[in-house]
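Right, one structure below, let's go through it.
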Amino acid sequence: MTMQAKREIADLSEWDDARIMLEKAAADGVETVWDRLDKQKHCTFCEQGLTCQKCVMGPCRIVADGAKKKNGVCGADADLTVARNFGRFIAAGAASHSDHGRDLLEVLAEVGAGTAPDYRVRDEGKLKRICSELGLSVEGVDAAGMARKLADHLYSDYGFRREALSFCSRAPEARLELWRALGVTPRGIDREPVEMLHRTHMGVDCDPASICLHSARTALADGWGGSMIGTELSDILFGTPKPARSSVNLGVLKADHVNILVHGHSPIVSEMVLAAARDPEMLAGAKALGAAGINVAGLCCTGNELLMRQGVPMAGNHLMTELALVTGAVEMVVADYQCIMPSLTTVASCYHTIFVGTSDKARFPGGLHVSFHPSNAREKARELVAKAVEAFSRRDQERVLIPGKPMEIMTGFSNEAILDVLGGSLDPLLDALKAGDVRGLAGIVGCNNPKLKHDYVHVNLARELIRRDVLVVVTGCATVAMGKAGLLMPEGADMAGPGLSKVCRALNIPPVLHVGSCVDNSRILQLAAMAATALGVDISQLPVVASAPEWYSEKAAAIGLYAVASGIQTHLGLAPNILGSKTVTELATAGLTDLFGACFVVEPDPFKAAELLDAHVAAKRSGLGLSA
Ligand code: XCC
Ligand code: SF4
């Protein structure tokens with residue numbers, strides 16, 4: 001058993017808003033994620049991936065070797081057990097993104113069928129472009145007709161009729177060839193995770209390497225399938241992001257406003273809540289109760305979705321979700337799914353905050369549940385906003401503490417927006433790469449994890465990379481960290497190396513570009529693919545790296561693995577639970593390079609991680625005949 005020593009509040013987070021709220025949480029008697037981590041004694045078998053619960057001959061604990069070597073009752077050894085556990089971990093992550101993508105697909109289909117009156121196609125140009133890209137004829141077809149055609153086509157990506165997912169066509173030829181040779185071309189968004197569950201049932205796939213390869217295929221079905229569909233359809237339905245200004249941290253909450261937080265991942269509900277909150281009738285109701293207005297702010301990735309498209313401020317990332325409620329200033333949290341701590345209903349009940357679940361897939365006992373459907377979204381959103389307004393009259397202003405001032409940020413860098421900033425083609429960026437002004441590109445993505453000091457690894461890694469002239473793109477919960485550190489403003493160029501700062505100043509862009517939510521990591525895949533195709537090389541030859549410095553979730557592991565399987569070297573701040581198998585660990589941290597041209601690098605120290613990633617960028621530059 002291992003147990004973390006109890007840490008001081010100052011060591012838990014990089015930020016004052018978090019620390020002030022941690023003090024208040026203690027005073028208000030609110031238990032947080034850090035308190036619960038302190039109470040956990042983590043089992044070393046589980047940490048190493050050496051427990052198996054896949055049948056009732058077990059559960060089994062496996063000992064890899066030595067005098068006490070012990071296999072599972074069925075005979076599974078350490079390598080097989082770790083591979084099976086990791087495979088299921090990846091399948092769960094891929095399934096989560098993909099099921100989120102499916103929800104967007106269902107809304108698109110209903111828009112096409114005319115049964116979702118509250119939604120519409122907001123970017124018809126993109127809808128048309130994607131239809132053409134996928135070979136669907138759209139001559140003389142209206143938006144609803146195109147929506148039907150595209151939905152119909154993409155439904156098949158979820159099934160088992162395809163040899164390759166539709167968006168695989170975006171990958172460079174060399175990568176497609178490599179996937180074919182390895183037998184990992186993703187075929188069906190639902191098929192690959194389901195096949196993983198089958199393979200890892202007792203007595204099916206008993207070869208750890210074979211299971212790991214299928215893990216890669218499953219992750220690819222997420223990146224080039226479910227997540228990419230989630231991103232593209234969100235753009236079509238809610239608008240493709242363009243650069244805009246907004247703000248971050250708990251200071252975005254307003255003491256004199258009704259505060260509504262949207263939390264989760266999908267824009268389907270949060271966009272409707274935002275529209276309802278902007279309705280003059282709702283505003284009048286709020287003013288009648290003495291509020292100055294209605295303030296919608298985001299948490300986690302649904303926050304990123306609204307931030308990217310609507311400039312809605314972000315109250316916080318994963319580890320700030322409980323603390324946001326501790327301000328005592330939040331009337332309502334509207335949640336959809338993923339990364340919503342079950343503790344939130346308890347925290348909400350310590351204040352006047354109403355917690356609302358909206359997806360029938362995600363129920364939260366202790367909270368209110370309001371089923372949202374494409375057919376009733378506007379009406380339900382209005383009901384919720386009215387309830388939030390009403391809750392404002394119950395707020396105890398004596399218990400309100402909103403720490404800090406909002407930090408300004410720039411957001412909205414979809415690939416379309418990046419191309420626009422560059423004047424319509426990637427060439428200026430590729431020229432800067434060749435000249436060495438921009439030495440490489442790093443995607444910093446993912447979560448927070450209370451085992452690591454909140455946002456410390458994110459911001460220090462980003463600072464170190466931009467200092468070395470590596471342009472950073474950011475998604476997910478890492479975004480808030482970058483914003484709080486001032487890295488999402490053009491003035492952040494002051495912290496960049498000479499080449500990158502020159503490029504940022506010329507284009508008036510920040511050295512860290514916000515490219516979206518976690519499904520939007522698919523934008524990074526597409527950007528890398530475009531760069532590789534333009535240079536006539538494979539993605540693995542590019543000076544491009546990725547990092548999930550403070551990851552915690554199954555989804556983040558799937559993202560990391562699809563990045564690696566797409567040829568992008570990927571840093572993790574924490575190891576997954578695989579260290580009990582030498583074979584799997586060696587494969588993840590070295591062997592994958594022989595297969596995919598990239599592997600994982602595990603390093604909790606952001607300064608050392610920056611050096612490792614920088615060395616990779618330098619090596620790839622040399623490989624392309626460029627100055628390191
Ligand atoms: Fe969740 Fe996407 Fe991680 Fe944040 S970054 S903690 S997965 S919300 Ni996706
Ligand atoms: Fe034990 Fe094998 Fe059953 Fe797993 S599948 S619980 S190792 S007997």
Side-chain angles (χ1 to χ4, degrees), residues 33 45 49-64 70-85 87-89 92-94 96-97 100 197 199-206 211 222 227 230-231 262-267 270 298-308 314-322 335-341 443-450 452 454-455 458 474-482 514-522 524 547-560 572-574 580:
V33 60
F45 284 94
L50 290 173
T51 43
C52 183
Q53 298 204 33
K54 287 178 199 69
C55 83
V56 293
M57 294 193 286
C60 301
R61 289 176 165 192
I62 318 293
V63 178
K70 189 167 65 171
N71 286 352
V73 176
C74 66
D77 65 5
D79 292 336
L80 179 56
T81 300
V82 166
R84 289 199 301 205
N85 288 340
R88 289 197 170 192
F89 197 75
S96 304
H97 286 140
H100 162 177
L197 294 180
R199 281 179 184 240
T200 51
H201 185 281
M202 202 296 277
V204 186
D205 197 348
C206 296
I211 292 174
D222 171 353
S227 282
T231 293
V262 289
H263 184 8
H265 280 78
S266 159
S270 50
L299 293 170
C300 290
C301 278
T302 204
N304 277 306
E305 299 278 346
L306 289 191
L307 171 62
M308 281 285 280
M314 277 289 261
N317 52 9
H318 179 51
L319 285 184
M320 297 302 292
T321 56
E322 293 175 314
D336 48 81
Y337 40 59
Q338 299 173 14
C339 302
I340 296 152
M341 289 192 222
I444 301 187
V445 310
C447 328
N448 296 132
N449 186 320
L452 298 168
H454 171 228
D455 288 349
H458 283 308
V474 68
T475 62
C477 285
T479 305
V480 176
M482 304 306 167
H514 178 216
V515 306
S517 66
C518 290
V519 292
D520 292 341
N521 288 316
S522 63
I524 305 178
S547 170
E550 301 181 21
W551 75 283
Y552 92 89
S553 75
E554 294 163 320
K555 293 178 291 166
I559 292 167
L572 302 173
L574 289 157

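Numbers here are sequence positions counted from 1. As the structure lists them, so they are numbered: ligands from 1, and atoms in each ligand from 1.
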Check: Can you list the ligand 1 atoms lying under 4.0 Å from a non-hydrogen atom of G446?
Finding: 5 (S)
Notebook entry, point to check: Any idea which atoms of ligand 1 are less than 4.0 Å away from a heavy-atom of C300?
Noted result: 8 (S)
Margin query: When you measure from the side chain of T51 to the backbone of R61, do you find a donor-acceptor pair of N or O atoms at a distance under 3.5 Å?
Written below: no
Notebook entry, point to check: Is the backbone of L50 close enough, under 3.5 Å, to the side chain of T81 for a donor and an acceptor to pair up by distance?
Noted result: no
Check: In the protein, what heavy atom is nearest to atom 3 (Fe) of ligand 1, and what distance, to one decimal place, separates them?
Finding: C447 SG, 2.4 Å
Next item on the list: Test side chain to side chain contact (heavy atoms under 4.5 Å, CB included) on C518 and H97 and set out the steps.
Entry: CA-CA 8 Å; C518 290; H97 286 140; 4.1 Å; yes
Checklist line | Those atoms of ligand 1 less than 4.0 Å from some heavy atom in C301 | finding: 2 (Fe), 8 (S), 9 (Ni)
Check: In the protein, what heavy atom is nearest to atom 8 (S) of ligand 1, and what distance, to one decimal place, separates them?
Finding: H265 NE2, 3.3 Å
Note to self: Could you check whether any side-chain N or O of R199 sits under 3.5 Å from a backbone N or O of V204, counting only pairs where one atom can act as donor and the other as acceptor?
What the structure shows: no
Check: Is it the side chain, the backbone, both or neither of C477 that has a heavy atom closer than 4.0 Å to ligand 1?
Finding: both
Note to self: Side chains of D336 and H100: any donor to acceptor distance under 3.5 Å?
What the structure shows: no
Check: Hey, does Y552 sit under 4.0 Å from ligand 1 if you only count heavy atoms?
Finding: yes
Notebook entry, point to check: How about atom 4 (Fe) of ligand 2, which protein N, O or S atoms come within less than 2.8 Å?
Noted result: C52 SG
Next item on the list: Measure up the H318 and Y552 rings against each other and bin them: parallel (under 30°), tilted (30 to 60°), perpendicular (over 60°).
Entry: parallel
Notebook entry, point to check: Do side-chain atoms of H514 reach the backbone of V474 as a donor and acceptor pair under 3.5 angstrom?
Noted result: no
Notebook entry, point to check: Counting distance only, does the side-chain N/O of N448 pair as donor-acceptor with the main-chain N or O of L319 below 3.5 Å?
Noted result: yes
Note to self: Quick check against the 3.5 Å criterion: does N317 have a side-chain atom that pairs as donor or acceptor with the backbone of C477?
What the structure shows: yes
Check: Is S270 reaching over with its side chain to a backbone N or O of S266, donor-acceptor style, under 3.5 angstrom?
Finding: yes
Margin query: Can you tell me if A556 contacts ligand 1 (heavy atom of the residue under 4.0 Å from the ligand)?
Written below: no
Check: Of all the non-hydrogen atoms in the protein, which one sits nearest to atom 9 (Ni) of ligand 1, and at what distance?
Finding: C518 SG, 1.9 Å
Next item on the list: Starting from atom 1 (Fe) of ligand 1, locate the nearest protein heavy atom and write down its residue, its atom name and how far away it is, to 0.1 Å.
Entry: C339 SG, 2.2 Å
Checklist line | Modelled atom types, side-chain donor and acceptor of D520 and T475, under 3.5 Å | finding: no
Checklist line | Contact atoms of ligand 1, heavy-atom distance to S553 under 4.0 Å | finding: 7 (S)
